[in-house]
Amino acid sequence: MCKRNQNKTDMNEKTKIPAPLIAIIPLVVLVALLAMVIPIFGSDALMGGSQVSLLVASAVCVALAMGLYNYKWSVLEEGMAKNIKKVTPAIIILLLIGAISGTWMLSGVVPTLISYGLHILSPRFFLASCCIICAIVSVITGSSWTTIATIGVALLGIGKAMGFDTGWIAGAIISGAYFGDKISPLSDTTVLASSTTGTKLFTHIRYMLVTTVPSIVITLVIFTVAGLTMSHTDSAQSALFADTLAQKFNLSPWLLLVPLITGILIVVKLPTIITLFISSVVAGICILIFQPHVLLQIAQSDTLDFATGFKALMTSVFGSTALSTGHPEIDALVATRGMRGMMDTIWLIICAMCFGGVMSASHMISSITNLFVRFVHKPKSAVCSTVGAGLFFNACTADQYLSIILTGNLFKDLYHNRGLESRLLSRTVEDSVTVTSVLIPWNSCGMTQATVLGVGTLTYLPYCFFNLLSPLMSILVAITGFKIKQGIAAQFAPKASETVKGAPDAGHVLVG
């Protein structure tokens, strides 16, 4: 027993926290590889290039940790396994979103929403309306992912029919969805940010309005001006879309019961996985009732018997489908990929979790975050450091939930020691982590929304004005000092010992 304890002590003495210059090497390698992969492969980067880049960066991290700092492979392997385990629910949700994207389209739900939207929404105010609709739905549901995968997909089809660029449409959808997600008391990220920092939920939400309202107002102004100045497809083109969809699908107000039922299930707080499963089942039933002719085309058969119908229905859930309408743009709109279309994203998420796992287990994240901590002296430097750390964790761990926990735990004691309110920390975490996760191509949020909407992350990024403005607004408000209180504890000078120690575990980060 004594010998075992001695060996453990010797191992702890040999294992060191890497120097910042060493710790940042894997991240530099990742950025450099992605900088080459994304321009060369374009939209096909998610089909393997990005995944390999993440694995190469992970290998570099492992080599440095084992070669220079005597880390055992078993420790690094465990770090990867823990990280992958955390995203298991997200992987299941992605598969169910794939099922919904297929069943909602082929049942006629999305075509019905598109057709009605083309008659109701004005092209001049479409972008602003798109943002507002997604914001309202996201506030009610508390989920940006569900909003984008359902109403967002329909709005994307409407925008295409009106002649808008997909980057602008996706930017409006994502801006609204993440605004609603951010301020909704039903949002898991909102609850997580408040609980991690020890802030009451509604105190957190009210304080966020100081930065969130100006950001969304500026965003709506930009989308309104853009809609008024852009050229749109004439009404004849929109009518063509609506007429073609009406010819291809049996459109009916009864189909709107599917999103209505989905919304009710979300409001009553049924677990997301169960809600999405029920929604896809209901949509599948609607395919049988309203669109039997679509099943025939999918099965490539002249008669619809049990075997043919079952095969076509299952294909709509898990496989790719293509319907011929005589118009290439509409063909692309109604084509589906089902669960299979999510596999590249799932592959990418697993590789991203491997990278985040070895960076965490090797303490390289701890080493880099110590740099942020050293700059925390005044409110504005605290906010700037928190924003920087949030963006870093989003890029490094590729997961918004882990980033929220790490950033909140990293700065919680420091804010307290400087006499800063916990609500300032919780707001800054939301401004820097929640809304920017979707802007990073290899982050689970960025990958998911790019896959669901069929629009590349770098394509919609310049138009996600709310997401881009939020961290900047957080810094601006901190510089002005508006509604920021600093207590007596702030008079004490920062201690050199206040640095992060140990591995940044998702549940606990030691400070001081």
**Prompt:** Can you name the side chain to side chain donor-acceptor pair (under 3.5 Å) partners of Ser437, sequence neighbours left out?
**Reply:** Gln400
**Request:** Could you pull out all residues at least two apart from Ser432 that satisfy side chain to side chain donor-acceptor pair (under 3.5 Å)?
**Result:** none
**Item:** Stepwise side chain to side chain contact (heavy atoms under 4.5 Å, CB included) check, Ser280 with Val317
**Value:** CA-CA 8 Å; Ser280 60; Val317 173; over 6 Å; no
Give, for atom [atom1] of [X] and atom [atom2] of [Y], the distance between the pair rounded to the nearest 0.5 Å.
{"X": "Ile173", "Y": "Tyr460", "atom1": "CD1", "atom2": "OH", "answer": "11.0 Å"}
{"X": "Leu76", "Y": "Ser360", "atom1": "CG", "atom2": "OG", "answer": "10.5 Å"}
{"X": "Ile92", "Y": "Ile273", "atom1": "CD1", "atom2": "CD1", "answer": "4.5 Å"}
{"X": "Trp168", "Y": "Leu127", "atom1": "CH2", "atom2": "CG", "answer": "7.0 Å"}
{"X": "Asn83", "Y": "Ile350", "atom1": "CG", "atom2": "CD1", "answer": "12.0 Å"}
{"X": "Ile132", "Y": "Ile136", "atom1": "CD1", "atom2": "CD1", "answer": "7.0 Å"}

Are any of the side-chain heavy atoms of [X] and [Y] separated by less than 4.5 Å?
{"X": "Leu458", "Y": "Pro441", "result": "yes"}
{"X": "Cys130", "Y": "Phe164", "result": "no"}
{"X": "Thr386", "Y": "Tyr415", "result": "yes"}
{"X": "Trp104", "Y": "Ser279", "result": "yes"}
{"X": "Leu439", "Y": "Cys464", "result": "yes"}
{"X": "Phe466", "Y": "Val435", "result": "yes"}
{"X": "Thr262", "Y": "Ile100", "result": "no"}
{"X": "Cys445", "Y": "Tyr178", "result": "yes"}

Is a side-chain N or O of [X] found less than 3.5 angstrom from the main chain of [Y], in a donor-acceptor match?
{"X": "Ser426", "Y": "Arg423", "result": "yes"}
{"X": "Ser474", "Y": "Ser470", "result": "no"}
{"X": "Arg337", "Y": "Ser101", "result": "no"}
{"X": "Ser367", "Y": "Pro18", "result": "yes"}
{"X": "Glu77", "Y": "Ser74", "result": "no"}
{"X": "Thr407", "Y": "Ile404", "result": "no"}
{"X": "Thr211", "Y": "Met208", "result": "yes"}

**Donor-acceptor side-chain pairing of Thr199 and Ser422 below 3.5 angstrom** = yes
Got a list of side-chain donor-acceptor pairs under 3.5 Å for residues 475-482, not counting sequence neighbours?
from, atom 1, to, atom 2, distance (Å)
Thr480, OG1, Val477, O, 2.7
Thr480, OG1, Phe482, N, 3.4

**Item:** For the student: nearest non-hydrogen atoms of Ile148 and Val452, plus distance
**Value:** O-CG1, 4.2 Å
**Request:** Step through the shown structure and confirm whether more than 12 heavy atoms of other residues, nucleotides or ligands are within 6.0 Å of CD1 on Ile24.
**Result:** no
**Message:** Counting only heavy atoms not in Phe277 (residues, nucleotides, ligands), do more than 12 fall under 6.0 Å from its CZ?
**Reply:** no
**Request:** Walk me through it: do Leu33 and Val52 pass the test side chain to side chain contact (heavy atoms under 4.5 Å, CB included)?
**Result:** CA-CA 9 Å; Leu33 288 172; Val52 172; over 6 Å; no
**Prompt:** Are His204 and Thr197 close enough, and set up right, to give a side chain to side chain contact (heavy atoms under 4.5 Å, CB included), and what steps lead you there?
**Reply:** CA-CA 10 Å; His204 167 60; Thr197 59; 5.9 Å; no
**Message:** What verdict does the side chain to side chain contact (heavy atoms under 4.5 Å, CB included) test give for Thr457 and Met447, after you've listed the backbone C-alpha separation in whole Å, the side-chain angles of each residue and the deciding distance to 0.1 Å?
**Reply:** CA-CA 7 Å; Thr457 309; Met447 292 183 284; over 6 Å; no
**CA sep, side-chain torsions, deciding dist, call: Thr189, Asp181, side-chain hydrogen bond (donor to acceptor under 3.5 Å, both in side chains)** = CA-CA 8 Å; Thr189 55; Asp181 189 314; 3.0 Å; yes
**Message:** Suppose we screen for salt bridge (Lys or Arg N to Asp or Glu O under 4.0 Å). Which residues come up paired with Asp431, at least two apart in sequence or across chains?
**Reply:** Lys182
**Message:** Taking salt bridge (Lys or Arg N to Asp or Glu O under 4.0 Å) as the definition, give me every residue that meets it alongside Glu78, ordered by chain and number, with sequence neighbours left out.
**Reply:** Lys82
Side-chain polar contacts of residues 53-60 - donor-acceptor pairs under 3.5 angstrom, sequence neighbours left out - could you list them?
from, atom 1, to, atom 2, distance (Å)
Ser53, OG, Gly49, O, 2.9
Ser58, OG, Leu54, O, 2.8
Ser58, OG, Phe355, N, 3.3

